[in-house]
2 protein chains.
Amino acid sequence: MNLALLCYFPYRAMEARVVAAVEEAGYAFTVAQGRILARVGPDGTRIGDLAEQAGVTKQTATFLVNQLEKAGYVERVPDPADARARLVRLSEAGWAGVAIARKVEAEVEAEWVAHLGESDTAALRRALERLREVTDPYR
Amino acid sequence: MNLALLCYFPYRAMEARVVAAVEEAGYAFTVAQGRILARVGPDGTRIGDLAEQAGVTKQTATFLVNQLEKAGYVERVPDPADARARLVRLSEAGWAGVAIARKVEAEVEAEWVAHLGESDTAALRRALERLREVTDPYR
DNA sequence: CCAATATGGTTCGAGAATCTGACTACTGTC
DNA sequence: GACAGTAGTCAGATTCTCGAACCATATTGG
């Protein structure tokens, strides 16, 4: 079984759990929308930055932000630093949805710690962080 | 940084490398098609099993196998054990494509070992395998 | 043995996510 | 001030995915 595939299982499991819980709580956004939502900073973030961090093109990010805006989770405001750019900011509903997602994330991670044990989890995290150095093109 | 996201980086990096290399070598199949292709056993595999292992519905698997069949990477043959079922088998081109994918996979994994060291990689693998026990719905 | 139910697979229709290419509006530089 | 570069959007197309409905075959209970 190759390492990359082994990495995929927990990722997919987490994503499924989070989406289910968020939906359960009445916040309807998809996985792709969630990936954008999760990367919006406290003071707003540019579309281009969101796209880069989420690993998609600007067009795709525009498309997803359109949907999120229509659903009321984010708003676009002008970027005071550059009249070409616009900042995507979370609305109140957006913050609430993200909060739920973060909470479930923490719960699932706690389950993992319970299964693996504290010290093995810490080692796993360290190894993955080092692996990130050679697998994440964005830092 | 949450654990699941840390898991995602190596997975995405591997997928990108493999797809690029396979395309480079003149074999045109997509990531989703590759996930099916990679799970076809030496004596053929049923659509339903492929779907389950790849984590998609039977409809999706049917769709992907149709494309792979049209492209000449697999063929469907009757399952001698059950007249309802059909076995998906790799063609020669299918085997060749999978071989390249496996080779690149091994190369990338070797790079990771070089970065992490033998023993840390082994520990990482063990941790991920244990994590799989609680995150992989299929076994 | 056969009716009822389950299983393997396909077709159809729809929606989500993604890309490439072409465009507008603005920035910064020479 | 002209012009190359950057931020974002629009349009069109493709790929992947699922749910619902369906057909053919298998299995099982009476």
Side-chain angles (χ1 to χ4, degrees), chain A residues 8 11-12 15-16 18-20 22-23 27-41 44-71 73-89, chain B residues 8 12 15-16 19-20 22-23 27-41 44-71 73-89 137-138:
Chain A
Y8 186 51
Y11 174 71
R12 184 171 65 178
E15 207 162 62
V18 169
V19 166
V22 163
E23 188 167 340
Y27 294 86
F29 45 78
T30 65
V31 172
Q33 287 166 13
R35 279 198 279 259
I36 294 295
L37 220 43
R39 288 171 170 82
V40 178
T45 307
R46 291 188 184 181
I47 289 267
D49 294 341
L50 291 175
E52 185 170 287
Q53 287 172 40
V56 299
T57 59
K58 281 191 300 181
Q59 293 93 317
T60 299
T62 296
F63 172 81
L64 293 169
V65 167
N66 280 345
Q67 293 182 323
L68 288 167
E69 192 172 30
K70 201 170 296 178
Y73 294 124
V74 303
E75 54 181 1
R76 284 178 168 94
V77 298
D79 183 346
D82 188 334
R84 290 170 303 181
R86 303 162 79 178
L87 293 176
V88 175
R89 277 218 292 241
Chain B
Y8 186 50
R12 185 170 66 178
E15 207 163 64
V19 166
V22 163
E23 189 168 337
Y27 294 86
F29 44 79
T30 66
V31 172
Q33 288 167 12
R35 280 198 279 258
I36 294 293
L37 220 44
R39 288 170 171 82
V40 177
T45 306
R46 291 188 185 180
I47 289 267
D49 293 341
L50 291 175
E52 186 169 287
Q53 288 172 40
V56 299
T57 59
K58 282 191 298 181
Q59 294 95 308
T60 299
T62 297
F63 171 81
L64 293 169
V65 168
N66 282 344
Q67 293 182 321
L68 287 167
E69 192 172 28
K70 201 170 296 175
Y73 294 124
V74 303
E75 55 181 1
R76 285 177 168 96
V77 298
D79 183 345
D82 187 335
R84 290 170 304 182
R86 304 162 79 178
L87 293 176
V88 175
R89 278 219 290 243
Y138 313 105

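Predicted, not measured: the structure shown is a model, and the values here were computed from it. Below, chains carry the letters A, B, ... as their sequence lines are ordered, and counting in each starts from 1. Worth knowing before you read on, the calculation uses all heavy atoms, side chains too, and leaves out hydrogens, waters and symmetry mates.
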Asker: If we only count heavy atoms from C-beta on, is the B:Arg46 to B:Leu87 side-chain gap below 4.5 Å?
Answerer: yes

Asker: If only side-chain N and O atoms of A:Arg35 are considered, is one of them under 4.0 Å from the OP1 or OP2 phosphate oxygen of C:dA17?
Answerer: no

Asker: Nearest whole angstrom, please: distance from the C1' of D:dT6 to the CG of A:Asp79.
Answerer: 13 Å

Asker: How long is the gap from CD1 on B:Ile36 to OG1 on B:Thr60, to the nearest 0.5 Å?
Answerer: 8.5 Å

Asker: So B:Thr30, base contact, sugar-phosphate only, or nothing? Heavy-atom distance under 4.0 Å.
Answerer: sugar-phosphate

Asker: Verify the contact: side-chain N or O of B:Thr60 to OP1 or OP2 of D:dC16, cut-off strictly under 4.0 Å; return yes or no.
Answerer: no

Asker: Any side-chain N or O of B:Arg76 below 4.0 angstrom from OP1/OP2 of C:dG9?
Answerer: no

Asker: List the residues meeting salt bridge (charged side-chain N to carboxylate O under 4.0 Å, His left out) with A:Glu69, not counting sequence neighbours, and say none if there are none.
Answerer: A:Arg76

Asker: For A:Gln67 and for B:Asn66, locate the closest nucleotide of DNA chain C by heavy-atom distance; then report the residue assigned to the nucleotide nearer the 5' terminus.
Answerer: B:Asn66

Asker: Below 3.5 Å, does any donor atom in the side chain of B:Gln59 face an acceptor in the base of C:dG9, or the other way round?
Answerer: no

Asker: C:dT7 phosphate, OP1 or OP2: any side-chain N/O from B:Arg46 under 4.0 angstrom?
Answerer: no

Asker: Hey, are B:Arg35 and B:Glu15 close enough for a salt bridge, meaning a charged N less than 4.0 Å from a carboxylate O?
Answerer: yes

Asker: In whole angstroms, how far is the P atom of D:dC18 from the CZ atom of B:Phe63?
Answerer: 12 Å

Asker: Quick check on D:dG8: is either OP1 or OP2 less than 4.0 Å from any side-chain nitrogen or oxygen of A:Thr62?
Answerer: no

Asker: Tell me: CD1 of B:Ile47 to C1' of D:dA24, nearest whole Å?
Answerer: 16 Å

Asker: Atom CD of B:Gln33 to atom P of D:dT17: distance rounded to whole Å?
Answerer: 10 Å

Asker: Check whether any side-chain heavy atom of A:Leu64 sits under 4.5 Å from a side-chain heavy atom of A:Gln67, and report yes or no.
Answerer: yes

Asker: Could you state the CG-C1' distance from A:Asp49 to D:dA7, rounded to the nearest angstrom?
Answerer: 10 Å

Asker: If I take atom CG from residue A:Leu37 and atom OG1 from residue A:Thr30, how far apart are they, to the nearest 0.5 angstrom?
Answerer: 9.5 Å

Asker: Is the distance from OP1 or OP2 of D:dC18 to the nearest side-chain N or O of B:Thr57 less than 4.0 Å?
Answerer: yes

Asker: Rounding to a whole Å, what distance do you find between A:Glu23:CD and C:dA16:P?
Answerer: 13 Å

Asker: Can you tell me the distance, in whole Å, between the CG atom of B:Leu50 and the P atom of D:dT17?
Answerer: 13 Å

Asker: What's the separation between atom CD1 in B:Ile47 and atom CZ in B:Arg86, rounded to the nearest 0.5 Å?
Answerer: 8.0 Å

Asker: Describe, as an angle rounded to 10 degrees, how the axis at the first end of the helix from C:dC1-D:dG30 to C:dC30-D:dG1 is tilted relative to the axis at the last end, five pairs per end.
Answerer: 20°

Asker: Do other residues, nucleotides or ligands put more than 12 heavy atoms under 6.0 Å from B:Arg89 CZ?
Answerer: no

Asker: Is the ring pair B:Tyr8/A:Tyr11 parallel, tilted or perpendicular, if the boundaries are 30 and 60 degrees?
Answerer: parallel

Asker: Base contacts versus sugar-phosphate-only contacts with protein, heavy atoms under 4.0 Å: please encode nucleotides 25-30 of chain C as B, S and - from 5' to 3'.
Answerer: BBS---

Asker: Could you state the atom-to-atom distance from NZ of B:Lys58 to P of D:dA24 in whole Å?
Answerer: 16 Å

Asker: Can you classify the ring geometry of B:Tyr73 versus B:Phe29 as parallel (below 30°), tilted (30 to 60°) or perpendicular (above 60°)?
Answerer: perpendicular

